[in-house]
Amino acid sequence: MMSDDHNDNRYDFRTIEAKWQRRWEAANLFHVENNSDLPKFYGLDMFPYPSGAGISVGHCAKNYIPLDVACRHKVMQGYNVLHPMGWDAFGQPAENEAIKQGRNPREMVPEYAANYKRQLKLVGISYDWDREINSSSPDYYQWTQWIFLVLYKRGLAYRATTPINWCPSCKTGLANEEVVNGRCWRCGSLVEKRPMPQWYFRITAYADRLLEGLDRIQWPEGVKQMQREWIGRSEGAEVDFPIVFPEEGPAAEAEPETIRVFTTRPDTLWGATFMVLAPEHPLVDRLTTPEHRAEVAEYKEWVQRVSEIERQNVERAKTGVFTGSYAINPVNGEHIPIWIADYVLMGYGTGAIMAVPAHDQRDFEFARKFGIPIRLVYRIAEDQTEAAMTEALPAGGTMIAGPFAGAPNDKTTVNKVIRWLEEQGIGEGRINYRLRDWLISRQRYWGAPIPIVYCEKCGEVPVPEDQLPVELPDVESYQPTGTGESPLAAIPEFVNTTCPTCGGPAKRETDTMGGSACSSWYFLRFTDPHNAQAAFSQEAVRYWMPVDLYAGGAEHAVGHLLYARFWTKVLYDAGLVPVDEPFMRYRNQGMMLAYTPGREIRRDEAVTPGDEDDESDEPIENWKVLRPEERQTIPPDQWVWRWVKMSKSKGNVVTPDEMAEKYGADSLRLFGLFVAPFEETVQWTDKGIESAHNYLNRVWRIWTDLRPHYRPDWREALAGIGPFEQWPEAERSLRRTLHQTIRKVGDDIENFRFNTGVAALMKFTNDLSQFRNALGSKAPTDTQATLLSEVLETLTLLLSPITPHLADEFWERLGKEGFTYKQPWPQYNPEIAAEEAITIVVQVNGKLRDRLVVAAETPTAEVERLALESEKVRAELNGKQVRKVIAVPGKLVNVVIG
RNA sequence: GCCGGAGUGGCGGAAUGGCAGACGCGGCGGUCUCAAAAACCGUUAGGGGCGACCCUGUGUGGGUUCGACUCCCACCUCCGGCACCA
């Protein structure tokens with residue numbers, strides 16, 4: 001009955017896994033062709049920056065393994081599956097790591113990538129390594145540059161000088177999306193503003209289409225919402241306020257000039273009692289009267305000193321100064337004072353607002369602080385007065401001023417007012433976005449050079465396509481300079497070139513592109529990774545795109561995922577790709593946390609910038625990870641343990657190498673799927689993988705116990721053992737569960753509900769174990785042997801996507817050739833999977849009182865009758881009236897009494 | 001403050017209008033063993049009862065419904081994101 005414990009019957013996962021990995025490699029099992037009659041499926045992981053720490057069990061269990069299971073399942077379902085992997089090797093993460101290690105990224109990156117590759121193979125991920133790409137190799141970035149030129153030619157890449165986000169530690173400009181809470185995404189340093197000439201991609205031109213496309217893709221609602229907010233569309237109007245210039249001076253002679261404001265509430269124009277300009281607004285100097293000059297200058301200087309973070313602190317009291325000038329409210333001719341204040345931002349709208357304190361909380365606070373009048377445009381109650389207000393009026397009320405008096409406070413009124421403003425020539429409807437253009441210049445070495453040259457005669461000239469790539473020169477020293485120029489500026493052989501147009505002397509652009517440019521099209525390159533004539537062939541992208549299933553981390557919600565959508569739309573417009581949304585289905589996985597020693601820190605204690613691992617190293621409230629040297633000096637009884645994300649910088653990484661050695665890759669795979677739902681954050685414990693390992697041991701034992709009963713000809717034998725309905729109950733029941741399990745596991749993999757899929761497998765294994773125990777050492781009947789053969793074969797195939805090494809070993813032990821990867825996914829028979837007897841719940845007034853087991857086909861009326869006859873119901877009834885009987889077919893009967 | 005997501009045994013979690021706690025971890029009891037481990041069998045929400053059973057229970061308070069973990073309203077807590085965007 002029990003398994004004998006001879007060594008040759010142990011689950012020897014180390015031997016098994018090494019053996020099958022060798023065979024898969026030898027057979028080039030995961031190679032995929034672009035042409036196939038089969039339907040295609042494109043499953044994609046976000047390609048990683050290969051860090052020196054290698055991958056952790058977190059990356060394996062939460063990212064790579066679940067998608068691998070989904071892809072393997074698709075292959076078995078008969079799809080031609082593209083499941084590639086490559087390296088996001090250009091950019092700050094890799095370069096910062098190289099600087100820290102004192103190494104050349106050219107050597108370091110391939111070394112780290114090779115280690116990643118080894119680890120991914122170690123856990124049995126089914127990548128087609130023939131398609132491996134590296135964004136820092138010239139045959140890749142040549143095409144990144146080529147796409148830059150596509151954008152350039154379409155007017156979507158431009159150079160401009162504006163204040164940019166500057167990281168003083170990384171010594172480079174950053175895109176808005178790379179500034180997290182006012183800090184650099186890589187090193188956590190506070191970001192400064194610096195005016196510099198920089199290259200931008202005009203992503204704002206695609207704002208509306210980036211919004212619209214979100215409605216057509218299956219992404220988590222949270223991520224879509226984040227993108228919508230990041231794009232920040234708001235509808236309103238722009239209104240011109242004529243300026244009353246200070247007495248004499250040249251301006252007084254000229255046409256009356258105006259200040260344009262953007263407002264989402266033009267219906268409150270009648271309550272505008274002052275105007276506020278951003279301190280950086282270009283008109284400020286001309287508007288400032290002599291007696292206010294000193295105060296205004298002092299304020300502007302103060303604003304510049306205050307950090308961006310401080311300025312954005314909402315809790316802070318309002319600040320500002322009066323310019324001495326007035327503007328004319330165009331709807332009522334009133335003169336209203338013009339102030340400057342840092343709560344108005346130059347970068348949004350027109351950098352100027354009309355202030356309506358009665359209906360805007362910020363304006364209200366400002367008006368109260370500086371004694372500016374407040375005037376209601378809407379009133380909710382008859383006796384409402386401005387003097388009694390303690391905050392701006394919330395939504396609602398009826399308009400009491402202007403030609404629209406009596407109108408309700410709603411969207412329709414706003415639209416009416418906009419139309420009226422347009423008729424009066426005062427203003428016009430206008431839509432504004434929070435999204436800013438994408439800053440792509442980096443003053444760094446390790447990136448794709450921007451393919452532009454500057455000619456004295458011809459000006460800015462794009463490098464012709466046939467001169468690509470603009471190669472990144474190999475240099476000794478590549479450290480960022482901090483001068484605002486990249487290290488490439490110091491290399492005359494790189495900088496000095498000839499103009500492609502006139503042949504005269506010219507200088508190259510020395511900034512490189514940020515890494516996010518490289519990662520905005522890599523999914524296209526995977527379709528045709530070795531094409532030397534084009535970024536990708538039309539044939540390849542038409543076959544493979546869009547990506548059907550994309551999995552990655554939530555931190556890319558408004559960075560990479562927005563950029564990649566933008567590039568895809570541009571390439572779509574250029575007729576280069578067949579789809580305008582690259583990722584049809586996107587899922588983001590939860591994090592893996594590790595229990596980590598740290599120590600309490602004081603709130604004012606300096607935060608050391610983090611290292612160049614995959615996140616900044618900010619303390620959690622008042623707690624900080626112990627650095628290795630601190631673990632030596634601080635006694636363990638003073639350590640304060642917390643659950644924090646696994647990362648190299650925290651010294652808490654558990655590697656797949658050690659887990660594969662101790663429990664096996666298949667155990668790690670099973671653990672990753674079973675421990676929690678895909679999206680959930682998981683706390684790592686060795687106990688988790690240990691229990692997965694125990695389950696596989698159990699499967700091994702049960703499977704090998706039953707193996708002797710296997711009959712390869714079981715399909716034919718099925719016909720000879722009588723109809724299924726006449727099988728003995730135990731056999732019928734096991735077979736029913738088997739077919740239910742086939743359905744459940746397949747559905748759950750499809751829906752990324754791996755944990756319940758694995759639970760179903762475990763449940764089936766428990767049933768199978770019972771069956772085996774009941775069989776004991778008796779010889780099985782024909783029915784039993786046939787059933788067990790079906791079970792052995794099916795179980796093996798169900799395990800294949802999840803624990804592929806073990807599955808292939810079983811497959812071989814059944815005497816089969818080849819690999820389970822190439823086998824069709826088992827089909828379930830709905831008739832066999834259907835329950836024969838069902839349990840009907842009997843409730844009285846909604847409370848469970850009894851259960852009835854009836855044949856599935858029992859008519860509802862009969863079930864009702866049985867329920868009313870039930871002793872439990874009759875006891876409850878006890879003389880009371882049956883008011884109503886509710887019967888849900890196949891589920892329950894609820895008897896309402898009273 | 002605003003926008004998302006979540007709150008269920010000792011723990012990870014299952015059930016999305018119809019049997020709350022699948023599956024696993026941990027615990028308890030047993031078989032085997034000189035013993036232990038492993039394995040196997042049983043048990044395990046809380047309270048009550050010798051017992052068949054009974055009562056209570058899904059963050060809190062209301063509501064809708066024959067029936068609510070599930071839907072609606074208000075609130076509390078936690079996680080993630082945004083944050084003076086006019």
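As the structure is a prediction and not an experimental result, all values here were calculated from the model. We name chains A, B, ... by the order of the sequence lines, and we start the count at 1 in each one. Just so you know, these numbers use all the heavy atoms, side chains as well, and skip hydrogens, waters and symmetry mates.
- Across the protein-nucleic acid pair, A:Glu680 atom CD and B:A6 atom P stand 9 Å apart, rounded to whole Å.
- Going from the P atom of B:C73 to that of B:G4 covers 12 Å, rounded to whole Å.
- Using bins of under 30°, 30° to 60° and over 60° for the plane-to-plane angle, the ring pair A:Phe370/A:Phe366 lands in the tilted bin.
- A donor N or O paired with an acceptor N or O is not found under 3.5 Å between the base of B:C19 and the side-chain atoms of A:Lys891.
- Side-chain nitrogen and oxygen atoms of A:Lys687 include at least one within less than 4.0 Å of the OP1 or OP2 phosphate oxygen of B:G26.
- Contacts of A:Val675 with the nucleic acid, taken as non-hydrogen atoms under 4.0 Å apart, involve only primed sugar atoms and P, OP1 or OP2.
- A:Arg434 and A:Asn176 are not linked by any side-chain donor-acceptor pair at a separation below 3.5 angstrom, with hydrogens and angles left out of the test.
- In this structure, A:Tyr11 has its ring center at least 6.0 angstrom away from the ring center of A:Trp703.
- Nucleotide B:C79 holds its P atom 22 Å from the CD atom of A:Gln225, rounded to whole Å.
- The base of B:G18 is paired with the side chain of A:Gln843 by a donor and an acceptor separated by under 3.5 Å.
- The interatomic distance linking A:Met226 (CE) with B:C82 (C1') rounds to 8 Å, in whole Å.
- Side-chain N/O atoms of A:Thr681 include none lying less than 4.0 angstrom from OP1 or OP2 on B:G12.
- Distance A:Gln740 CD to B:C23 P: 14 Å, rounded to the nearest Å.
- Taking atom C1' in both B:C23 and B:A14, one finds a spacing of 8 Å when rounded to whole Å.
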- [ ] Applying ring pair (Phe, Tyr, Trp, His ring centres under 6.0 Å), run through A:Phe13 and A:His693 and close with a yes or a no.
- [x] CA-CA 10 Å; A:Phe13 58 87; A:His693 183 65; 5.2 Å; yes

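- For the OP1/OP2 pair of B:A86 and a distance below 4.0 Å, the side-chain nitrogens and oxygens of A:Tyr348 include at least one atom meeting the criterion.
- Of the candidates B:C23, B:C19, B:C3, the closest approach to any side-chain atom of A:Phe674 belongs to B:C23.
- With a glycosidic angle more than 90° from 0, B:G67 adopts the anti conformation.
- Using N1 to N3 plus N6-O4 or O6-N4 for Watson-Crick, or N1-O2 and O6-N3 for G-U wobble, each under 3.5 Å, B:G80 pairs with B:C3.
- Separating the C1' atom of B:A15 from that of B:A86 is a span of 47 Å, rounded to the nearest Å.
- The CZ atom of A:Phe364 sits 16 Å away from the C1' atom of B:C84 (whole-angstrom rounding).
- Using Watson-Crick or G-U wobble geometry with both donor-acceptor distances under 3.5 Å, B:U70 finds no partner in any strand shown.
- Base pairing annotation: B:A35 forms no Watson-Crick or G-U wobble pair, as no partner gives both donor-acceptor distances under 3.5 Å.
- Rounded to a whole Å, the CZ atom of A:Arg642 is 14 Å from the P atom of B:C78.
- If you find the closest nucleotide of RNA chain B to A:Glu229 and to A:Gly349, the one lying nearer the 5' end belongs to A:Glu229.
- Classification of A:Glu235 and A:Lys411 as a salt-bridged pair holds, one side-chain N sitting under 4.0 Å from a carboxylate O.
- Rounded to whole Å, the P atom of B:A74 lies 12 Å from the corresponding atom of B:C2.
- Phosphate proximity of B:A20 to A:Lys847: absent, as no side-chain N or O sits under 4.0 Å from OP1 or OP2.
- Residue A:Asn755 has a polar side-chain atom (N or O) positioned under 4.0 Å from OP1 or OP2 of B:A14.
- Neither OP1 nor OP2 of B:C40 sits under 4.0 Å from any side-chain N or O of A:Arg772.
- Within the 4.0 Å cut-off from OP1 or OP2 of B:G18, not a single side-chain nitrogen or oxygen of A:Asn894 is found.
- There is no side-chain donor-acceptor pair under 3.5 Å between A:Arg743 and A:Gln740.
- Residues A:Tyr348 and A:Ser234 bring a donor and an acceptor atom of their side chains to less than 3.5 Å of each other.
- Put simply, A:Arg753 has a side-chain N or O that comes within less than 4.0 Å of OP1 or OP2 on B:A15.
- When the side-chain nitrogen and oxygen atoms of A:Ser234 are compared with OP1 and OP2 of B:A86, one or more of them lie within a distance under 4.0 Å.
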- [ ] Begin from the C-alpha positions of A:Phe671 and A:Trp684 and carry the test ring pair (Phe, Tyr, Trp, His ring centres under 6.0 Å) through to its verdict.
- [x] CA-CA 10 Å; A:Phe671 160 76; A:Trp684 172 268; 5.0 Å; yes

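- Partner of A:Ile164 under the side chain to side chain contact (heavy atoms under 4.5 Å, CB included) criterion, chosen from A:Val191, A:Leu439, A:Leu174: A:Leu439.
- Taking the charged nitrogens against the carboxylate oxygens, A:Lys193 and A:Glu280 have no contact shorter than 4.0 Å, which rules out a salt bridge.
- For A:Arg849, taking side-chain heavy atoms from C-beta onward, the closest of the listed nucleotides B:C84, B:A86, B:C55 is B:C55.
- Contact annotation: A:Gln770 side-chain N/O to B:G42 OP1/OP2 distance is under 4.0 Å.
- A:Pro677 comes within 4.0 angstrom of sugar-phosphate atoms only, judged by non-hydrogen atoms across all strands, and of no base.
- In the set B:A20, B:A22, B:C84, the nucleotide with an atom closest to the side chain of A:Lys763 is B:A22.
- For B:C66, the OP1/OP2 oxygens have a side-chain nitrogen or oxygen of A:Lys884 closer than 4.0 Å.
- Note on A:Arg436: a base of the nucleic acid sits closer than 4.0 angstrom, heavy atoms only.
- The distance between atom CH2 of A:Trp219 and atom C1' of B:G4, rounded to the nearest whole Å, is 16 Å.
- Here the nucleotide nearest the side chain of A:Asn773, chosen from B:C41, B:A15, B:A86, is B:C41.
- Of the nucleotides present, B:C28 is the one that pairs with B:G42 by Watson-Crick or G-U wobble criteria, both distances under 3.5 Å.
- Among the protein residues, A:Arg883 comes within range of no part of the nucleic acid, since none of its heavy atoms lies under 4.0 Å from any strand.
- Projected onto RNA chain B by closest heavy-atom contact, A:Gly846 and A:Gly222 fall at different nucleotides, the more 5' of which corresponds to A:Gly222.
- With a cut-off of 3.5 Å on both pairing distances, B:A20 has no Watson-Crick or G-U wobble partner at all.
- With both ends at atom C1', the span from B:G27 to B:C75 equals 37 Å, rounded to whole Å.
- Nucleotides B:C41 and B:C25 are separated by 13 Å at their P atoms, to the nearest Å.
- Contacts of A:Val896 with the nucleic acid, taken as non-hydrogen atoms under 4.0 Å apart, involve only primed sugar atoms and P, OP1 or OP2.
- With B:C23, B:C84, B:G12 as the candidates, the nucleotide lying closest to the side chain of A:Ala759 is B:C23.
- Atom-to-atom, CG of A:Leu768 to P of B:C41 comes out at 12 Å; the value is rounded to the nearest Å.
- Comparing B:G13, B:A22, B:C40 by their closest approach to the side chain of A:Thr756 singles out B:A22.
- For B:G4, the OP1/OP2 oxygens have no side-chain nitrogen or oxygen of A:Arg228 closer than 4.0 Å.
- Nearest to the side-chain atoms of A:Asp342 among the listed nucleotides B:G13, B:C84, B:C41 stands B:C84.
- Within 4.0 Å of A:Asn766, counting heavy atoms only, lie sugar-phosphate atoms of the nucleic acid but no base atom.
- Comparing the C1' positions of B:A68 and B:G51 gives a spacing of 33 Å, expressed to the nearest Å.
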